[in-house]
Amino acid sequence: MMARVVTVAFEGVEARRVDVEVQLTGGEVKFYIVGLADKAVTESRERVRAAFAGLGIALPSRRIVVNLAPADLPKEGSHFDLPIALAMMVAMGAISPDAIEGYAAVGELALDASIRAVPGALPAAIGANAMGKGLICPAACGPEAAWAGEDVGILAAPHLLSLVNHFSGLQTLPAPKPNLEEDATPLPDLRDVKGQESAKRVLEVAAAGGHNLLMIGAPGSGKSMLAARLPSILPPLSPEKMHTENCASTMLRHSALCAHLSC
């Protein structure tokens, strides 16, 4: 019996597709993980074994081979625990392969089968979306992964059992919502500006129409004061727009650094 579950490996902030293939065959009873895995990944064997024991499931007395493809791509981190466990459950018949076909998965397993948070949930969700898949991730990472957009299906599970119940139809995992830390410091308010009626009108038109602004004037004429108050009249950014703004800002900084280095 063979099963496959998709996950990702990180190269910087980019997520590259990795296929977790599990094969159960006859022969010597051993558990192998191959595919250029580091120590944290190879230790998944014991975490998966303990998590299954926590659910009352015994690993099959067969030769278990877990292949992380492509084999020449280095695999690092504990987030391979969850896809390995899910692929094994598919191979054992506990989860339907069709149910998990549309998802990639990341997450670390605790010994009691709860799913611990791992870094990189947002890049993983973006990478999964680029592959046309949703993302299965720890419940603690759900609000971060949700920033990838409303069209990305996110399953944020606190426990391995909750995922099994979800795919078997016994329960439904709610879709997580993007989190945003509230800033306790109030924004400078445009109403505090006395005079400058023309400049305030320009700010209002630019904010309403999404136009660019170029502020030119002598020192002390109020440019910084007005610019600091522009966010107070702007609506909050949606997750999609915030992600777009962050990507544009990153590209702008990268272009400026390249231009500086080429000088």
Side-chain angles (χ1 to χ4, degrees), residues 3-10 15 17-20 22 31 33 37-59 64 66 68 75-92 94-97 99-129 131 133-148 152-179:
R4 180 183 290 107
V5 171
V6 175
T7 185
V8 296
F10 297 109
R17 174 172 176 152
V18 172
D19 289 335
V20 178
V22 171
F31 192 155
I33 296 181
D38 74 348
K39 187 169 180 59
V41 181
T42 57
E43 288 174 347
S44 293
R45 291 175 299 191
E46 303 310 319
R47 290 192 292 271
V48 170
R49 193 189 306 273
F52 275 39
L55 295 179
I57 301 174
L59 290 181
I64 303 171
V66 177
L68 308 177
K75 321 298 189 307
E76 300 177 349
S78 59
H79 66 275
F80 290 93
D81 291 4
L82 183 58
I84 289 174
L86 291 175
M88 290 191 62
M89 285 190 162
V90 173
M92 294 165 61
I95 296 177
S96 167
I100 206 168
E101 174 65 26
Y103 292 96
V106 294
E108 177 184 333
L109 290 177
L111 300 186
D112 62 353
S114 60
I115 306 174
R116 289 179 172 151
V118 292
L122 179 55
I126 295 171
N129 188 40
M131 294 183 276
K133 296 182 178 292
L135 180 71
I136 302 171
C137 66
C141 298
E144 177 189 345
W147 284 109
V152 184
I154 305 294
L155 285 181
H159 199 276
L160 190 57
L161 181 60
S162 62
L163 276 177
V164 175
N165 290 338
H166 176 85
F167 288 123
S168 61
L170 298 178
Q171 74 176 93
T172 301
L173 293 172
K177 296 186 179 299
N179 65 341

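Along the sequence shown, residues are numbered consecutively beginning with 1. Keep in mind it's a predicted model, so treat the numbers as computed, not measured. What you see below is based on every heavy atom in this structure, not just the backbone, and it leaves out hydrogens, waters and symmetry mates.
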(message) For the OH atom of Tyr103 and the CG atom of Leu163, what is their distance to the nearest 0.5 Å?
(response) 10.0 Å
(message) Can you confirm whether more than 12 heavy atoms, excluding those of Glu101, are under 6.0 Å from its CD atom?
(response) no
(message) Please find the pair of heavy atoms, one from Gly77 and one from Asp38, that lie closest to each other, and give the distance.
(response) N-OD2, 3.6 Å
(message) As an exercise, state the distance from NZ of Lys133 to OG1 of Thr7, rounded to the nearest 0.5 Å.
(response) 11.5 Å
(request) Answer whether the closest heavy-atom distance between the side chains of Val6 and Val18 falls below 4.5 Å. (result) no
(message) Less than 4.5 Å apart, side chain to side chain, heavy atoms only: is that true for Pro83 and Val106?
(response) no
(request) Report the distance from atom CG of Leu155 to atom SG of Cys137, rounding to the nearest 0.5 Å. (result) 8.0 Å
(request) For the residue pair Lys39 and Val41, establish whether any side-chain heavy-atom pair is separated by less than 4.5 Å. (result) no
(request) Examine distances only and state if a side-chain atom of Ser168 and a backbone atom of Val164 form a donor-acceptor pair shorter than 3.5 Å. (result) yes
(message) Tell me if a side-chain donor or acceptor on Lys75 pairs with a main-chain N or O of Leu68 at a distance below 3.5 Å.
(response) yes
(request) Answer whether the closest heavy-atom distance between the side chains of Ile84 and Ile33 falls below 4.5 Å. (result) yes
(message) If I take atom CD1 from residue Ile115 and atom CG from residue Leu82, how far apart are they, to the nearest 0.5 angstrom?
(response) 5.0 Å
(request) Kindly give the heavy-atom pair with the smallest separation between Arg45 and Phe31, and that separation in Å. (result) CD-O, 3.3 Å
(request) Check whether any side-chain heavy atom of Phe167 lies under 4.5 Å from a side-chain heavy atom of Ile136, and answer yes or no. (result) yes
(request) State, to 0.1 Å, how close Pro138 and Gly107 come at their nearest heavy-atom pair, and which atoms those are. (result) CG-CA, 3.9 Å
(message) Just so I know, are the side chains of Arg47 and Phe80 near enough to count as touching, which here means a heavy-atom distance under 4.5 Å?
(response) no
(message) Would you say that Met89 contacts Leu55 through its side chain, given a criterion of any heavy-atom pair below 4.5 Å between the two side chains?
(response) yes
(request) Using the six-membered ring wherever Trp is involved, compare the ring planes of His79 and Phe10 and label them parallel, tilted or perpendicular (cut-offs 30° and 60°). (result) tilted
(request) Could you tell me the separation between the CD atom of Glu108 and the SG atom of Cys141, rounded to the nearest 0.5 Å? (result) 10.5 Å
(request) For Ala121 and Glu144, work out which heavy atoms get closest and say how close. (result) N-OE2, 3.5 Å
(message) Quick check: closest heavy atoms across Ala156 and Pro176, and the distance to 0.1 Å?
(response) CB-CG, 4.2 Å
(message) Working note: Val90 + Arg4, criterion side chain to side chain contact (heavy atoms under 4.5 Å, CB included); need CA distance, chi angles, decisive distance, verdict.
(response) CA-CA 8 Å; Val90 173; Arg4 180 183 290 107; over 6 Å; no
(request) Give the minimum heavy-atom separation between Ala145 and Ala125, together with the two atoms involved. (result) O-CB, 3.7 Å
(message) If we check side-chain contact (heavy atoms from CB on, under 4.5 Å) with Leu160, which of these qualifies: Asn165, Asp81, Leu86?
(response) Leu86
(message) Within this structure, what is the OG-CG distance for the pair Ser78 and Leu109, rounded to the nearest 0.5 Å?
(response) 9.5 Å
